[in-house]
Amino acid sequence: MILDLDIGNTLSKWRLKDVASSEIRSRGAVWTREEWRPGADIPDLDVVEAVRISSVARESVLRDTVTLLRRQVGVVHVARSTSEALGVSCGYDEPGRLGVDRWMGVLAGYQLTGGCCSVDCGSAITMDFVLPGGRHLGGYIIPGLRLMKESLKLGTRNVAIDPDSEADELLAPGRNTVEAVNHGIYMSAVSAVNRIYSEVCDREGVALPLLLTGGDARVVSRGLRIPHAVWPDMVYAGLETCYPLTAAERAGRLAGAPLPPSVPPLEKVRAGLAFSMLL
Ligand SMILES: Nc1ncnc2c1ncn2[C@@H]1O[C@H](COP(=O)(O)OP(=O)(O)O)[C@@H](O)[C@H]1O
Ligand SMILES: CC(C)(COP(=O)(O)O)[C@@H](O)C(=O)NCCC(=O)O
Ligand SMILES: [K+]
């Protein structure tokens with residue numbers, strides 16, 4: 001089995017993948033802040049022959065995790081952000097400082113679409129742009145839904161936004177504190193994603209496919225006017241492109257990849273931008 005780890009600042013997600021069939025056998029998540037104590041929802045390492053890790057947690061958390069894993073697993077790959085990989089050139093002044101989760105998403109998104117906007121809705125909402133031809137422009141970091149809630153200190157932290165609630169419900173004015181907070185942070189997130197996407201496509205003169213991932217992707221997806229696809233395993237897919245270990249991965253077939261989303265005509269993106277500027 002292959003163990004893939006996506007260690008974020010809120011949740012450490014894992015999944016077990018069968019080497020022969022490339023099937024995902026099981027998956028889980030533990031709070032990154034807590035130690036990986038036995039009995040938590042962690043995988044059985046006895047069946048694991050290789051590990052691939054994307055981590056944005058503190059180096060000490062990563063080091064401890066790698067030390068533990070190296071005792072029991074032969075192959076441990078730790079992904080790093082680099083100046084170039086798989087046809088993509090990193091747009092950061094210091095490539096090593098780009099969050100590895102962002103870099104994994106960019107590599108997977110580029111492999112799927114040949115150029116895209118990749119949005120990761122996690123502790124932070126990150127947006128990255130890579131142009132056709134592989135030039136990564138850099139991106140944007142804004143507080144995630146949970147961080148926005150926590151910053152308000154109104155005791156609404158544990159009242160998640162229902163990902164199945166209708167978009168127009170969330171557009172309406174809140175009629176109590178929980179609604180006011182949830183509708184406010186929802187509008188803040190989707191407005192930022194819509195506007196940033198439009199501004200960059202306008203500047204670069206190309207309308208890019210939009211890919212969404214992360215724990216809050218389904219909630220944010222409801223408010224996006226732009227055609228897009230949600231790819232829950234996009235960070236893992238970046239690990240597959242960097243360290244292909246199964247026949248399917250070597251053939252470039254990435255797990256859970258959606259159909260590449262349709263792309264709006266650039267004129268439509270520009271018209272929307274112009275209209276929003278009028279308001
Ligand atoms: N089981 C869960 N526990 C906690 N938060 C969750 C869960 N499922 C979805 N979420 C939402 O997903 C976000 C964390 O998403 P994730 O992409 O894992 O973040 P990160 O990669 O920053 O750790 C939280 O802000 C929360 O709103
Ligand atoms: C911005 C992030 C904290 C987002 O991480 P996440 O929301 O997945 O926990 C992470 O990508 C990160 O630590 N980046 C390093 C700084 C940068 O990307 O510029
Ligand atoms: K993430």
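Whatever order the structure lists them in is the order used to number ligands and atoms, beginning at 1.
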Would you say ligand 1 has an N or O under 3.5 Å from any N or O of K13? yes

Considering only non-hydrogen protein atoms, determine which one is nearest to atom 13 (C) of ligand 1 and report residue, atom name and distance to 0.1 Å. D216 OD2, 3.6 Å

Check: D120 N/O within less than 3.5 Å of ligand 1 N/O: no

Closest heavy-atom pair, L112 versus P260, reported as atoms and distance to 0.1 Å, is O-CG, 3.9 Å

Indicate whether atom 27 (O) of ligand 1 is within a distance of less than 4.0 angstrom of some protein heavy atom. yes

Where the closest heavy atom to atom 5 (N) of ligand 1 is concerned, which of K149, E150, R146, R157 has it? R146

Among all protein non-hydrogen atoms, which one is nearest to atom 9 (C) of ligand 1, and what is the separation to 0.1 Å? G215 O, 3.7 Å

State whether the shortest distance between N or O atoms of G122 and N or O atoms of ligand 1 falls below 3.5 angstrom. no

Please report the interatomic distance CZ(R253) to OG1(T246), rounded to the nearest 0.5 Å. 8.0 Å

Counting backbone and side-chain atoms alike, is an N, O or S atom of D120 positioned under 3.4 Å from the K ion (ligand 3)? yes

Assess L145 for proximity to ligand 1: is some non-hydrogen atom of it under 4.0 Å away? no

Which residue, K268, R270, R195, forms the salt bridge (Lys or Arg N to Asp or Glu O under 4.0 Å) with D202? R270

Carboxylate-amine/guanidinium contact R175 E169, below 4.0 Å: no

Is it the case that the side chain of Y236 and the backbone of W14 share a donor-acceptor pair, with hydrogens and angles ignored and the cut-off at 3.5 Å? yes

For atom CG of D44, decide whether the heavy atoms of other residues, nucleotides or ligands shown that lie under 6.0 angstrom number more than 12. yes

Are R218 and D164 close enough for a salt bridge, meaning some N to O gap below 4.0 Å? yes

Output yes when the distance from some N or O of ligand 1 to some N or O of S123 is under 3.5 Å, and no in every other case. yes

State whether the side chain of R70 and the backbone N or O of V76 hold a donor-acceptor pair below 3.5 Å, judged by distance alone. yes

Does S165 offer a backbone N or O that forms a donor-acceptor pair with the side chain of R222 under 3.5 Å? yes

May I ask you to list the atoms of ligand 1 that are less than 4.0 angstrom from any heavy atom of W31? 3 (N), 4 (C)

Under 3.5 Å, is there a donor-acceptor pair between the side chain of H136 and the main chain of G91? yes

Quick check: does any side chain N or O of E249 sit under 3.5 Å from a backbone N or O of L245, one acting as donor and the other as acceptor? yes

Could you tell me if R102 and Y92 have a donor-acceptor pair between their side chains, going purely by distance under 3.5 Å? yes

Counting only heavy atoms and a distance below 4.0 Å, can you name the residues contacting ligand 2? G8, N9, V56, Y92, R97, L98, G99, D101, R102, G122, S123, A124, T126, I141

Any nitrogen or oxygen of G214 lying under 3.5 Å from a nitrogen or oxygen in ligand 1? Just yes or no. no

